[in-house]
Number of protein chains: 2
Amino acid sequence: MVVPELPAHRPLQAPPRLKDVAAKVGVSTATVSRALTGSGPVSSKTRQRVEEAAKELGFVPSHHASSLASGRSRNIGVVLPYVDRWFFATVLDGIAGTLTGAGYDAALYNLQGENFLESVLTDFLLRRHLDAAAVVSLRLDPSETEQLFSAGIPLAGIGGSLEGAPTVSVDDLDAGLRATNHLIELGHRRIAFVGGPPEAGRSFPMASDRRRGFERAMTAAGLEIDPRWLLVADFTFSGAYQRVKSLLAAPADRPTAIFAAADEMATGAILAAANLGLQVPGDLSVIGIDAHPIGEAFGLTTVNQHARQQGTRAAQLLLQQLSGDPVTASHELHPTNFLVRSSTAPPV
Amino acid sequence: MVVPELPAHRPLQAPPRLKDVAAKVGVSTATVSRALTGSGPVSSKTRQRVEEAAKELGFVPSHHASSLASGRSRNIGVVLPYVDRWFFATVLDGIAGTLTGAGYDAALYNLQGENFLESVLTDFLLRRHLDAAAVVSLRLDPSETEQLFSAGIPLAGIGGSLEGAPTVSVDDLDAGLRATNHLIELGHRRIAFVGGPPEAGRSFPMASDRRRGFERAMTAAGLEIDPRWLLVADFTFSGAYQRVKSLLAAPADRPTAIFAAADEMATGAILAAANLGLQVPGDLSVIGIDAHPIGEAFGLTTVNQHARQQGTRAAQLLLQQLSGDPVTASHELHPTNFLVRSSTAPPV
DNA sequence: GTGAAAGCGCTAACAC
DNA sequence: GTGTTAGCGCTTTCAC
């Protein structure tokens, strides 16, 4: 007998439904639902028989049906500008791990810059009836958050404050201040800064705040800020490597220390120095921000901003709101801490 | 008059439904549905009026309702072992960008190793009625793929072949072979290899294949493989830095070249050499695999494996299957290409 | 080209 | 503790 070949991607037979389980046990679908979701009283005998029957039949509840009926989807959106950059990937790891552990799904909205922002907000977030959303490093205006709230979607933010929602971030100005002060306290007076381009669009002023911290520390110490020593890179290793290499190439008027607004740039700076035959920290001290794992091999002194924990915390804030526990819409500053390694020392 | 404060996270008023749009236009819900989804004949006048009314009311279709009714969810799962490692984050970027661009959602299943594998497979993939799933660097056994197929979920894989599903990867053995041959052709005879630990669990033998490529090239050239020169790191910069530093520390019997199975390790090796006062490529040639952006500043010669494109391709394979276009369940080898920079040269 | 009506598979009142 | 009964908000035949 010839069995016709069915396309492999179509079900061979209808999967079992709630009512099949109910029939098998001889109870109503309501009871099965209660037994399986724990959403109501069921005798332990019945519960047990239902669970057995469900397993035997290989029953898997329909997500869409239960979402439609209950109004909850156990699906949480995570909106972020990049996934292929260390900070964002690490934050995402923290968020996704926490959500998965709590039985929630993470729906990824990778904007790749801000390309998809508009369509994500309208087409996706609302249409999909997410239970909640985490917004990373993106400014939403009050009308947008209001729109989400009135669609019943609680938010949590990372990187800057969001009207009406709890947010977490580190104090970037303070981090910049402390990093710079560390160099100043070591005795450096000629300090360069490697930052990013001015923030555009919906980004929070993370890089600017770190630069302002730098400037404030310098000014407070009565030190001069040489405009040629305010470098603009793009938060990449290679970008910083090139900028710093040109800066250090002229031996005449060199800084004795560099504060880079991110570890990837700081390590790029160290490589640039090394390739010019300069010793770190002998000829040049370098400090960064992040605690990026690459810093370890470079012996980079840095300010740990606990990226993964920030993600975890944001996820918790979401879960807490979903559990009905009210959360104050405050901006929470995540502590940073110094990680002194071998890239900083007093100037020679 | 005092308006009672409503909790901010609850809808202030019921959002508009399909039937509200229908009422406003004076047509049936069926017509509105056809007009908005394009799933049936509608006169262009009607369509226009429906679109206007929908916009005015701020109508957003319910995802769950339409999924339940249609059986399709426009949601695609992406299962991967890590998101905070370059290769995976980059692949994810490629996949998510392609899916978002096609109007699909990406549901992220970050296993963090393989912790969540079992629950992802049962609890999530099936329950959620995903339209499809991309599986990155994870071996599924035939009973698992069969289970997904019979639930109507087409698959695409990355990193190794999957029974019954189209997959893409690079030829890791060939990449190892070519990288090693590059060094051999330059005249190196004393070549070390930095790889990863033996694969465990559901991982494909990516690192082993690269090592086998190395061994095969060495053997074919009649060169000896010194077991002390087969280094095992963990695919991180710092890990490779340490291993290579100890290897090179003893000046007596040093290799003249190193092939590292990934760029992050290769750059760690370069830094180790530099910190020991060795010149690259003068005293040591180094080659990697990946085209990781960090390699640029190090002048690293590498084999580009086009991680993002692999992700894009896998996503296309999924979209193609969803469009009804049959796809052969073959394993597609993605081309790699050489990127010769300044870290390799003939031995002195 | 359009409407009526029957679901999609589950949950949640409400009775008993 | 359990069953009955309405929906949840769409899509999709099937008539017309």
Side-chain angles (χ1 to χ4, degrees), chain A residues 11 13-51 53-54 57-75 123 126-131 151-152, chain B residues 11 13-51 53-54 57-75 123 126-131 151-152:
Chain A
Q13 61 176 63
R17 299 307 179 195
L18 197 59
K19 65 168 189 281
D20 300 319
V21 179
K24 175 153 188 163
V25 180
V27 294
S28 72
T29 59
T31 299
V32 175
S33 173
R34 286 190 285 249
L36 260 25
T37 62
S39 65
V42 181
S43 75
S44 54
K45 312 194 139 171
T46 311
R47 160 169 287 109
Q48 201 164 349
R49 292 173 55 219
V50 166
E51 281 166 358
L57 293 174
F59 169 70
V60 177
S62 157
H63 172 66
H64 299 306
S66 88
S67 296
L68 180 58
S70 71
R72 277 163 273 109
S73 69
R74 298 199 76 79
N75 197 196
D123 286 12
L126 293 173
R127 192 195 307 303
R128 287 186 177 271
H129 276 242
L130 299 168
D131 285 353
Chain B
Q13 61 176 67
R17 301 305 178 195
L18 197 60
K19 65 169 188 283
D20 301 318
V21 180
K24 174 152 187 162
V25 180
V27 294
S28 71
T29 59
T31 300
V32 174
S33 173
R34 288 184 205 117
L36 260 25
T37 62
S39 65
V42 182
S43 75
S44 54
K45 312 192 144 181
T46 310
R47 158 170 287 108
Q48 201 165 351
R49 292 173 54 218
V50 166
E51 282 166 357
L57 292 174
F59 169 70
V60 177
S62 157
H63 172 65
H64 299 306
S66 82
S67 296
L68 179 57
S70 70
R72 278 163 271 108
S73 69
R74 297 199 77 78
N75 197 194
D123 287 12
L126 293 174
R127 193 196 305 305
R128 289 189 174 268
H129 275 239
L130 299 168
D131 285 353

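Quick caveat: nothing in here was measured; it's all calculated off a predicted structure. Hydrogens, waters and symmetry mates are skipped; everything else that's a heavy atom, side chains included, is used. So that the names make sense, note that chain A is the first sequence line, chain B the second, and so on, each numbered from 1.
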How far apart are the closest heavy atoms of Pro16(B) and Gly58(B), and which atoms are they? CG-O, 3.7 Å
Describe, in one word, how the ring planes of His64(A) and His64(B) are oriented to each other, choosing from parallel (under 30°), tilted (30 to 60°) and perpendicular (over 60°). tilted
Closest non-hydrogen atoms of Thr46(A) and Ser43(A), given as atom of the first, atom of the second and distance, are OG1-OG, 2.6 Å
Among residues 18-27 of chain B, which ones have heavy-atom contacts with DNA chain D below 4.0 Å? Leu18(B)
Rounded to 10°, the helix from dG1(C)-dC16(D) to dC16(C)-dG1(D) deviates from straight, judged by its five-pair end axes, by 30°
Starting at the 5' end of DNA chain D, which residue's closest nucleotide do you reach first, Arg34(B) or Pro16(B)? Pro16(B)
Tell me which residues in residues 57-69 of chain A lie within less than 4.0 Å of DNA chain C, going by non-hydrogen atoms. Phe59(A), Pro61(A), Ser62(A), Ala65(A), Ser66(A), Ala69(A)
Does some side-chain heavy atom of Val21(A) sit less than 4.5 Å from a side-chain heavy atom of Lys24(A)? no
Tell me, please, the opening and closing nucleotides of DNA chain C, 5' to 3', among those with an atom under 4.0 angstrom from a non-hydrogen atom of chain B. dG1(C) to dG9(C)
Nearest-nucleotide 5' precedence on DNA chain C, Ser39(A) against Arg17(A): Arg17(A)
Checking Ser39(B) side chain against Arg34(B) main chain: does a donor-acceptor pair fall under 3.5 Å? no
Carefully, step by step, assess Phe59(A) and Leu36(A) under the rule side chain to side chain contact (heavy atoms under 4.5 Å, CB included). CA-CA 11 Å; Phe59(A) 169 70; Leu36(A) 260 25; 3.7 Å; yes
For the residue pair Ala35(B) and Val42(B), what are the closest heavy atoms and their distance? N-CG2, 3.7 Å
Does Asp131(B) use its side chain to pair, donor to acceptor, with the backbone of Arg74(B) at less than 3.5 Å? yes
Suppose we screen for side-chain contact (heavy atoms from CB on, under 4.5 Å). Which residues come up paired with Val60(A), at least two apart in sequence or across chains? Leu126(B), Arg127(B)
Exam field: side chain Arg49(A) to backbone Val25(A), donor-acceptor pair closer than 3.5 Å: yes
Give me the atom names and distance for the closest heavy-atom approach of Ser67(B) to Ser73(B). OG-CA, 3.4 Å
Looking at every heavy atom in both Ala65(A) and Leu68(B), which two are closest together, and how far apart are they? CB-CD1, 3.8 Å
Less than 4.5 Å apart, any side-chain heavy atom of Pro15(B) and any of Arg17(B)? yes
So what does Arg72(A) hit on the nucleic acid, given a heavy-atom distance under 4.0 Å: a base, only sugar-phosphate, or nothing? sugar-phosphate
With a strict under 4.0 Å distance from non-hydrogen atoms of chain A, what nucleotide opens and what nucleotide closes the contacted stretch of DNA chain D, reading 5' to 3'? dG1(D) to dG9(D)
